[in-house]
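The block underneath contains the structure these notes are about, expressed in structure tokens.
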Protein chains: 2
Amino acid sequence: MDGQEQLERVRERVIETIAKNMNLYGITDSIGRLYGMLYFHNHPMTLDEMKEELGMSKTSMSTSVRNLMDLKMVEKVWKKGSRKDLYQAEEDWYQTFIDFFSIKWRSGISMNIVVMTKSIGELEKLISMDEVDDEIRSAAIVDIEKMKAALSYYDWLNRLVDSFESEEIFKYIPKTKDE
Amino acid sequence: MDGQEQLERVRERVIETIAKNMNLYGITDSIGRLYGMLYFHNHPMTLDEMKEELGMSKTSMSTSVRNLMDLKMVEKVWKKGSRKDLYQAEEDWYQTFIDFFSIKWRSGISMNIVVMTKSIGELEKLISMDEVDDEIRSAAIVDIEKMKAALSYYDWLNRLVDSFESEEIFKYIPKTKDE
DNA sequence: CAATACGTTCAGTTTTTTCTGTACGTACTG
DNA sequence: CAGTACGTACAGAAAAAACTGAACGTATTG
């Protein structure tokens, strides 16, 4: 019957759900809970406040918050007077979504493109060599095909991420239904 | 100068790259390597062959392959004569992409929607109660707004996954550039 | 310029995850 | 219907990840 208590219970459940969900994206429960907590906390928080709230060490708060900052899910804010760093949650989940995939995928994609391209080149050189066994040559040809298929997929993925970053995706999948 | 050896070296490097990439999606190195290996292996493989190839236990192969099957990245194939189960990699990475996100996200999204909806209901009941403190009430109102924003995001995410599953996404982001 | 407050690095501990070998159940073989 | 081959459950070992407290460097304060 206590409103305060009930509000807190609801919040806690929702935070737990958010954390579980972030789990799917490879984010730890603790970090997810921290994000959820910040999301519902209506003022920027210091490391000490987080530590207090979650009952964890300050060290953990420091590294977790940095993690979330790397993902642009949390930002540092300035408030004159306070010597402590203040952090608040990015509230726009569409933006969070976009940043998350840009950050996570881009580097992976380009690394793969580099490796595949280089490998295709090497195998093409290989098959052009006379002294290479026929069996090896045809195996190489198959591999080249597979890597080319992979490259075209990575190109698509890059363009998909482009459409996130440019927000063009919202032209195709609008934020609000039936508009 | 040995073609065989060079081919293998290239393959190994590419497999390692694929594994690293799958890592970004929360898939372990071992499982990623197994997938990569299957991807380049041009025939379906048995657990014993995988075990041999990767130098790991058969138990690991069994669980890893099940993992990949759950993600629809590997399928069991039938070959008469063989008593052993045979597995091969799904080769279409576009399909793999679609399946991966459908499988991973759908359940999470709907769980979140359920929890948020229920929580909004509870808080709305809370704010309608006379005896509730004003401060609590306005905090609840803010929370409700945040959860509604979350719900609209989840709805969008659902529609995004819809566009993956229906392959409508390829209308907007075509598989091949300039077509 | 000492004193204090703050965030972070680092080494060690705890917890979680991954991996393995044995044991078991099922199904095919002769 | 024994004997063998196969995949998997399970418990324990090994490896990896998360977490912590103490120590350190920097910056602010009086």
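The shown structure was predicted, so the numbers you read here are calculated from the model rather than taken from an experiment. Chain letters run A, B, ... following the sequence lines, proteins first, then strands; residues in each count from 1.
Residues from residues 25-47 of chain B that place a heavy atom under 4.0 Å from any atom of DNA chain C, listed by number: B:Thr28, B:Ser30. Residues from residues 50-74 of chain A placing a heavy atom under 4.0 Å of any atom in DNA chain C, listed by number, are A:Lys58, A:Thr59, A:Ser62, A:Arg66.
With rounding to whole Å, A:Lys84 atom NZ is found 11 Å from C:dG7 atom C1'. When the P atom of D:dG7 is taken as reference, atom CG of B:Leu86 falls 9 Å away, rounded to whole Å. Counting to the nearest Å, the P atom of D:dC6 and the NZ atom of B:Lys76 are 14 Å from each other.
Partners of B:Glu135 according to the side-chain contact (heavy atoms from CB on, under 4.5 Å) rule, which considers only residues two or more places apart in sequence or in another chain, are B:Asp133. Annotation: side chain to side chain donor-acceptor pair (under 3.5 Å) contacts of A:Asn21 (sequence neighbours excluded): none.
At least one donor-acceptor pair under 3.5 Å links the side chain of B:Ser110 to the backbone N or O of B:Arg106. In this structure a side-chain-to-backbone donor-acceptor pair under 3.5 Å is present from B:Lys104 to A:Leu24. Remark: side-chain polar atoms of B:Arg137 are not paired, donor with acceptor, to backbone N or O of B:Ser128 under 3.5 angstrom.
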Do any side-chain atoms of residues 29-45 of chain A form donor-acceptor pairs under 3.5 angstrom with protein atoms, and if so which ones, sequence neighbours left out?
{"residue": "A:Asp29", "atom": "OD1", "partner": "A:Asn23", "partner atom": "ND2", "Å": "2.4"}
{"residue": "A:Arg33", "atom": "NE", "partner": "A:Glu16", "partner atom": "OE1", "Å": "3.4"}
{"residue": "A:Tyr35", "atom": "OH", "partner": "A:Glu90", "partner atom": "O", "Å": "2.6"}
{"residue": "A:Tyr35", "atom": "OH", "partner": "A:Trp93", "partner atom": "NE1", "Å": "3.0"}
{"residue": "A:Tyr39", "atom": "OH", "partner": "B:Lys146", "partner atom": "O", "Å": "3.1"}
{"residue": "A:His41", "atom": "ND1", "partner": "A:His43", "partner atom": "O", "Å": "3.2"}
{"residue": "A:Asn42", "atom": "OD1", "partner": "B:Lys146", "partner atom": "NZ", "Å": "2.7"}

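Heavy-atom neighbours of B:Gln95 CD from other residues, nucleotides or ligands within 6.0 Å: above the threshold of 12. Within 6.0 Å of CD on A:Glu124 lie more than 12 heavy atoms contributed by other residues, nucleotides or ligands. Around CD of A:Glu52, the count of heavy atoms belonging to other residues, nucleotides or ligands within 6.0 Å does not exceed 12.
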**Request:** At under 4.0 Å between heavy atoms, which parts of nucleotides 24-30 of chain D does protein reach? Answer with one letter per nucleotide, 5' to 3': B base, S sugar-phosphate only, - none.
**Result:** ----SS-
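The closest side-chain heavy-atom distance from B:Leu71 to B:Met22 is not below 4.5 Å.
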